[in-house]
2 protein chains.
Amino acid sequence: MTTASEELLRLDNQVCFALHATSRAFDATYRPLLRDLGLTYPQYLAMLALWEHGTLTVKELGLALRLDSGTLSPLLKRLEAAGLVRRERSPQDERSVVVTLTAQGEALREKAVNVPRRILASTGLSERELIELRRSLERVTAALDAATTEATPRP
Amino acid sequence: MTTASEELLRLDNQVCFALHATSRAFDATYRPLLRDLGLTYPQYLAMLALWEHGTLTVKELGLALRLDSGTLSPLLKRLEAAGLVRRERSPQDERSVVVTLTAQGEALREKAVNVPRRILASTGLSERELIELRRSLERVTAALDAATTEATPRP
DNA sequence: CACAACTTAATTGTGCACAACAGAGTTGTA
DNA sequence: TACAACTCTGTTGTGCACAATTAAGTTGTG
């Protein structure tokens with residue numbers, strides 16, 4: 001194997017590791033801010049989606065957040081226990097569970113409004129850099145998705 | 001609030017979310033490759049560090065991988081149960097646990113050697129893009145680390 | 001209508017991640 | 001030397017993530 005390709009493989013490991021580490025670093029930055037709201041980061045993501053759309057089925061929430069019911073069901077139950085959402089079977093289609101914000105869940109939005117600003121400051125990135133980073137991440141994710149679905153033989 | 005700053009906050013949310021999603025997409029890409037080796041991705045990271053350094057204490061491994069003992073202890077026990085590493089108290093300092101590769105752990109390296117190449121192909125990124133992405137991620141992580149440690153009052 | 005195929009959630013089991021705490025060992029210093 | 005402060009690992013509890021399975025409901029087709 002040439003030195004160049006060894007370097008490339010090393011670089012690949014570094015990128016995967018860095019991604020892992022950055023993701024956890026963001027988590028650690030969000031944690032204290034969200035603690036005041038009584039939310040974890042994934043719960044905050046679910047609330048963001050609900051604040052935007054008002055009401056969503058578990059299925060729709062899963063598509064938006066790229067999470068399956070094994071993750072969402074207990075998460076939503078915790079949000080329900082906290083009084084932030086209601087979960088009810090859809091009368092139209094009894095298979096679906098509709099998640100709706102409670103008044104308390106709506107109200108939390110006001111307290112959450114200054115979270116992104118504080119996170120933004122912590123990243124130390126300019127708008128230009130954020131856009132570039134987002135573009136890279138979305139591109140990698142799309143490529144990885146394509147690679148994994150293509151590897152899976154479809155029925 | 002101006003439209004421009006609203007956009008910026010929205011962008012910030014998108015970057016955090018994208019990071020989360022990309023990290024999980026990488027995980028999903030590694031999963032089937034590593035299953036053949038009997039490893040999860042965090043276990044693979046630990047093995048990479050051990051393949052490079054031969055022997056490390058739990059502390060050193062934690063620094064290298066940015067993980068604490070609450071995560072590493074059970075992970076290393078699983079690697080030990082799989083026969084890939086040995087864990088022994090250091091005779092020099094009985095507080096430390098030294099983690100060493102077994103012959104089987106060393107041997108696994110040969111089977112792992114083609115993993116990065118396949119991941120690299122799945123990302124669809126050029127070397128130039130990988131370098132840029134790594135740079136961004138490392139920069140963000142450093143900024144976030146600085147922000148969180150500075151927020152924590154030290155004794 | 002009957003029944004097979006499909007959709008949607010929930011459950012169970014495994015593993016990662018971190019906070020908070022406990023406990024054994026080490027080190028510096030009065 | 002005695003003892004306080006510190007270091008390092010481990011444990012417990014909570015929550016996220018996914019695979020595999022189960023169960024209930026819906027839809028399409030003979």
Side-chain angles (χ1 to χ4, degrees), chain A residues 16-17 19-32 34-35 38-46 56-63 65-82 87-99 148 152 154-155, chain B residues 16-17 19-32 34-35 38-46 56-63 65-82 87-99 148 152 154-155:
Chain A
C16 299
F17 175 72
L19 201 54
H20 213 73
T22 308
S23 181
R24 284 184 291 121
F26 257 110
D27 234 68
T29 307
Y30 270 105
R31 200 185 310 274
L34 293 180
R35 180 149 45 202
L39 295 176
T40 63
Y41 180 60
Q43 288 169 5
Y44 171 69
L45 289 180
L56 289 170
T57 64
V58 173
K59 171 76 171 171
E60 292 165 336
L61 206 47
L63 286 173
L65 305 184
R66 305 173 62 93
L67 293 172
D68 70 3
S69 67
T71 301
L72 284 176
S73 289
L75 185 154
L76 292 171
K77 283 185 182 177
R78 281 187 281 272
L79 291 181
E80 187 175 43
R87 300 183 313 128
E88 317 166 287
R89 292 273 161 191
S90 162
Q92 281 75 43
D93 185 338
E94 288 279 340
R95 293 169 304 178
S96 298
V97 169
V98 176
V99 184
T148 56
T152 308
R154 65 198 80 167
Chain B
C16 300
F17 175 72
L19 201 56
H20 214 71
T22 308
S23 180
R24 285 184 290 123
F26 257 110
D27 233 69
T29 307
Y30 270 105
R31 201 185 308 275
L34 294 180
R35 179 150 44 201
L39 295 176
T40 63
Y41 181 60
Q43 289 169 6
Y44 172 68
L45 289 180
L56 289 169
T57 64
V58 173
K59 171 77 172 174
E60 292 164 337
L61 207 47
L63 285 174
L65 305 184
R66 306 172 62 94
L67 293 172
D68 68 4
S69 69
T71 301
L72 284 176
S73 289
L75 186 155
L76 292 172
K77 282 187 182 176
R78 282 187 282 271
L79 290 181
E80 187 175 43
R87 300 183 315 129
E88 313 164 291
R89 292 272 160 192
S90 162
Q92 279 76 42
D93 184 340
E94 288 277 341
R95 294 169 304 177
S96 298
V97 169
V98 176
V99 183
T148 57
T152 307
R154 64 199 82 168

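Naming convention: chains lettered A, B, ... in sequence-line order (proteins, then strands); numbering from 1 in each chain. Any value given below was found using the heavy atoms of this structure, including those in side chains, with hydrogens, waters and symmetry copies removed.
At least one side-chain nitrogen or oxygen of A:Gln43 sits closer than 4.0 Å to the OP1 or OP2 atom of D:dC16. The phosphate of D:dT11 (OP1 or OP2) has a side-chain N or O of B:Lys77 nearer than 4.0 angstrom. The shortest distance between the side-chain N/O atoms of B:Arg87 and the OP1/OP2 oxygens of D:dG10 is below 4.0 Å. Proximity of B:Arg31 to the phosphate of C:dG15: no side-chain N or O atom is located under 4.0 Å from OP1 or OP2. Within the 4.0 Å cut-off from OP1 or OP2 of D:dT9, not a single side-chain nitrogen or oxygen of B:Arg89 is found. Between B:His20 and D:dC16, a side-chain N or O to OP1/OP2 separation shorter than 4.0 Å is absent. At D:dA19, none of the side-chain N or O atoms of A:Thr71 fall inside 4.0 Å of OP1 or OP2 (strictly under the cut-off). Applying the 4.0 Å criterion to OP1 and OP2 of D:dC8, one finds that B:Thr57 has every side-chain N and O outside that range.
Distance NZ (A:Lys59) to C1' (C:dA9): 11 Å, rounded to an integer number of Å. As rounded to whole Å, 18 Å separates atom P of C:dG15 from atom CG of B:Leu65. The nearest whole Å value for the distance from the CD atom in B:Glu88 to the P atom in D:dG10 is 13 Å. Rounded to an integer number of Å, the gap from A:Arg95 CZ to D:dA24 C1' is 10 Å. Separating the CG atom of A:Leu72 from the C1' atom of D:dC16 is a distance of 11 Å, rounded to the nearest angstrom. D:dC16 atom C1' lies 14 Å from atom CG of A:Leu39, rounded to whole Å. Whole-Å rounding puts the B:Asp68 CG to C:dC18 C1' distance at 6 Å. Taking atom CZ of residue A:Arg24 and atom P of nucleotide D:dC16, one finds them 17 Å apart after rounding to whole Å.
A donor-acceptor contact shorter than 3.5 Å is absent between the side chain of B:Arg89 and the backbone of B:Val98. Between the side chain of A:Arg24 and the main chain of B:Arg66, a donor-acceptor pair closer than 3.5 Å is present.
Contacts of A:Asp27 with the nucleic acid, taken as non-hydrogen atoms under 4.0 Å apart, are absent. Heavy atoms of A:Leu67 sit under 4.0 angstrom from primed sugar atoms or phosphate atoms, though from no base atom.
Both B:Arg66 and A:Val58 lie near DNA chain C, and the one whose nearest nucleotide falls closer to the 5' end is A:Val58. When each of A:Pro91 and A:Gly70 is assigned the nucleotide of DNA chain D bearing its nearest heavy atom, the one mapping closer to the 5' terminus is A:Gly70.
Between the side chain of A:Ser73 and the base of C:dA9 there is no donor-acceptor pair of N/O atoms closer than 3.5 Å. Between the side chain of B:Ser69 and the base of D:dG10, a donor-acceptor pair under 3.5 Å is found.
Aromatic ring orientation, B:Tyr44 versus B:Tyr30: tilted (interplanar angle from 30° to 60°).
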Given the rule in the side chain to side chain contact (heavy atoms under 4.5 Å, CB included) test, do B:Leu19 and A:Leu19 qualify, once you have shown the distances and angles that lead to the verdict?
-> CA-CA 7 Å; B:Leu19 201 56; A:Leu19 201 54; 3.8 Å; yes
Candidate pair B:Val99 and B:Leu79, rule side chain to side chain contact (heavy atoms under 4.5 Å, CB included), full reasoning = CA-CA 10 Å; B:Val99 183; B:Leu79 290 181; over 6 Å; no
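Of all nucleotides listed (C:dA9, D:dG25, D:dG15), D:dG15 comes nearest to the side chain of A:Thr40. Nearest nucleotide to the B:Ser96 side chain, out of D:dC8, C:dA10, D:dG10: D:dC8. The A:Val97 side chain lies nearest to C:dA9 when the options are D:dT26, D:dG10, C:dA9.
Atom CZ of residue A:Arg31 and atom CG of residue A:Asp27 lie 5.5 Å apart, to the nearest 0.5 angstrom.
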